[in-house]
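Only a predicted model underlies this, so the values are computations on that prediction, with no experimental measurement involved.
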Amino acid sequence: MSAADLKNAPPAQSGASDMAHIVLTFDNNKLASALYGQFDENLARLEQKLGVDIRSRGNQLTIKGSSTAAEQARRVLDNLYDILQKGVDINQSDVDGAVRMAVAADDQLTLPTLERKGKMSAAQIATRKKTIYARSLNQDAYMRALERSEMVFGIGPAGTGKTYLAVAHAAMLLERGMVERIILSRPAVEAGERLGFLPGDMKEKVDPYLRPLYDALYDMMPGDKVERAIAAGVIEIAPLAFMRGRTLAHAAVILDEAQNTTPMQMKMFLTRIGENSRMIVTGDPTQIDLPPNTKSGLVEALRVLDGVPGIVTVRFNDGDVVRHPLVAEIVKAYDRDGKVSRGLGAEG
């Protein structure tokens, strides 16, 4: 049975042919309540995002607005209801993501998974603990690239989900038996300190640099299972320097914060890929913490490997930020400031 029954009423008056009146009837009152959100907050957010008017009456919704916006709202509600039917909770970030995907269905009709009048079929990553759905067009492209390609570069600003989705995909591959282990790595230079000067043993030295990877893992897998896998070496989390001289076969290998690698480190890492392995490289070329006059291995790799068969690069932008809305505004502000600074420098 479909998620909702749809009725298109005729325009209320002549001259309003560009307006639509859509009625949705949901077959599960409990799921309908979850769809609406507490005090109808999800519906209010949808009204704000798309400029439509939505009225609820029990398990029935009435959407009024321009024909395009009303149809987009219908697709958003239909998609979110399908997610709820699968036992997955939704929040306002999911609403925002569904809106992005609905608008993308009209803006970029060439995407084969999106249909103007049909349902949205967003890419997803399913682990035993959590199912994640694409919340933007670029996330959708990234998740599908991870599924199909052996080496994927995810490039873009903070908050776009590039690292989180990479770890989720690796966890899914491990659970399905498609790889035998997960290897997560980062160059340990973000804090501007050398590991030797930090207190503790090697694990205590590197853990702070790798904490975001741990956090993503615990979100995808039960904590006790993560701990056992780390103890058994099935999941390995190590600084980039530990990769030298190894061949990484039957593994999902992730290099995070790759903008802080040198060209030599990046080449070393990329050539570690072995039989039946998947390699994912994430980074933000605008956030390089290397010493002055030191080239970024990520920037060079993107140039050198452009067009190489089997390597896919997905570029995110501030429109893909899925954290707090302020994160997107902060990214935009810094991007604007950077462009102004570069322009002034050129004139000077």
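Rounded to the nearest 0.5 Å, atoms CD1 (Ile63) and CG (Leu77) are 5.0 Å apart. Summarising the geometry, atom CG belonging to Asn276 is positioned 7.5 Å from atom CD belonging to Glu180; distances are rounded to the nearest 0.5 Å. Put simply, CG on Leu217 and NZ on Lys129 are 10.5 Å apart, with the number rounded to the nearest 0.5 Å. Taking CG of Asn29 as the reference point, atom CD of Gln60 lies at 11.5 Å (rounded to 0.5 Å). A distance of 7.5 Å separates CD1 in Ile288 from CG in Leu298, rounded to the nearest 0.5 Å. Taken from CZ in Arg148 to CE in Met143, the straight-line distance is 12.0 Å, to the nearest 0.5 Å.
In this structure a side-chain-to-backbone donor-acceptor pair under 3.5 Å is present from Thr294 to Pro291. A donor-acceptor pair under 3.5 Å is absent between the side-chain atoms of Arg186 and the main chain of Asn260, judged by distance alone. Side-chain N or O atoms of Thr282 include none that pairs as donor or acceptor with a backbone N or O of Gly154 at under 3.5 Å. Between the side chain of Ser185 and the backbone N or O of Leu255, no donor-acceptor pair lies under 3.5 Å. Checking side-chain atoms of Arg272 against main-chain N and O of Arg246 turns up a donor-acceptor pair under 3.5 Å. Formation of a donor-acceptor pair under 3.5 Å by the Glu150 side chain with backbone atoms of Arg278 is not found in this model. Panel note: side chain Lys162, backbone Val281; no donor-acceptor pair is recorded below 3.5 Å. Within the 3.5 Å criterion, the main-chain N or O of Ile182 finds no donor-acceptor partner in the side chain of Glu236. In this structure a side-chain-to-backbone donor-acceptor pair under 3.5 Å is present from Ser277 to Leu248. Judged by distance alone, the side chain of Asp306 and the main-chain N or O of Arg303 form no donor-acceptor pair under 3.5 Å.
Cluster annotation: Phe153 and Val304 are assigned to the same hydrophobic cluster (Ile/Leu/Val/Met/Phe/Trp/Tyr, side-chain heavy-atom contacts under 4.5 Å, transitive). Ile273 and Met264 sit in two unconnected hydrophobic clusters of ILVMFWY residues. Membership requires side-chain heavy atoms under 4.5 Å apart, directly or through other members. A continuous path of hydrophobic side-chain contacts links Val253 to Val308 [ILVMFWY only; heavy atoms under 4.5 Å].
In this structure, the side chains of His169 and Tyr164 stay at 4.5 Å or more apart for every pair of heavy atoms. For the pair Phe26 and Leu61, the minimum side-chain heavy-atom distance is below 4.5 Å. Residues Val99 and Leu50 have side chains in contact (heavy-atom distance under 4.5 Å, counting atoms from C-beta outward). At least one side-chain heavy atom of Ile155 sits under 4.5 Å from a side-chain heavy atom of Thr313. Using a 4.5 Å heavy-atom cutoff, the side chains of Met221 and Glu227 are not in contact.
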*salt bridge (charged side-chain N to carboxylate O under 4.0 Å, His left out) between Arg135 and Asp96, worked out*: CA-CA 8 Å; Arg135 292 181 177 178; Asp96 292 347; over 6 Å; no

*Take Asp27 and Tyr81 through the test side chain to side chain contact (heavy atoms under 4.5 Å, CB included) and record every step on the way to the result.*
CA-CA 10 Å; Asp27 53 14; Tyr81 189 78; 2.5 Å; yes

*Begin with the C-alpha distance, continue with both residues' side-chain angles, and end with the deciding distance and a verdict on side chain to side chain contact (heavy atoms under 4.5 Å, CB included) for Ile132 and Gln124.*
CA-CA 5 Å; Ile132 304 166; Gln124 66 182 66; over 6 Å; no

_Would Val234 and Arg228 count as a side chain to side chain contact (heavy atoms under 4.5 Å, CB included) here? Give the steps._
CA-CA 8 Å; Val234 174; Arg228 288 197 302 270; over 6 Å; no

*Given Ile125 and Thr131, is the side chain to side chain contact (heavy atoms under 4.5 Å, CB included) satisfied, shown in steps?*
CA-CA 6 Å; Ile125 298 173; Thr131 299; over 6 Å; no

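For the ring-ring contact (aromatic ring centres under 6.0 Å, His included) test, residues two or more places apart in sequence or in another chain that qualify with Phe316 are Tyr142.
For the residue pair Ser136/Asn138, the side-chain donor-acceptor check at 3.5 Å is not satisfied. Using modelled atom types and a 3.5 Å distance limit, the side chains of Thr25 and Asn59 yield no donor-acceptor pair. Thr163 and Asp256 are linked by a side-chain donor-acceptor pair at a separation below 3.5 angstrom, with hydrogens and angles left out of the test.
Summarising the geometry of Thr127 relative to Ala171, their closest heavy-atom pair is CG2-CB, 4.2 Å, with the distance given to 0.1 Å. Nearest heavy-atom pair across Ala251 and Val179 is C-CG1, 3.9 Å. Considering every non-hydrogen atom in both Asp318 and Pro157, the closest pair reads N-CG, 4.1 Å. A pairwise comparison of heavy atoms in Val167 and Leu184 identifies CG2-CD2, 4.5 Å as the closest pair. The two residues Ala70 and Val52 make their nearest non-hydrogen contact at N-CG1, 3.9 Å. Taking each heavy atom of Gly233 and Arg181 in turn, the nearest pair found is O-CB, 4.4 Å.
Heavy atoms of other residues, nucleotides or ligands lying less than 6.0 angstrom from CD of Glu41 number more than 12. For Lys64, the NZ atom is loosely surrounded, since the number of other residues' heavy atoms within 6.0 Å does not exceed 12.
Salt-bridge annotation for Asp219 and Lys130: present, with a side-chain N of the basic residue lying under 4.0 Å from a carboxylate O of the acidic one. A salt bridge links Asp140 and Arg144; the closest N-O separation between the charged side-chain nitrogens and carboxylate oxygens is under 4.0 Å. Contact check on Arg55 versus Glu47 returns no salt bridge, with no Lys/Arg side-chain nitrogen under 4.0 Å from an Asp/Glu carboxylate oxygen. Note on Arg74 versus Glu71: salt bridge recorded, some NZ/NE/NH1/NH2 to OD/OE distance being below 4.0 Å.
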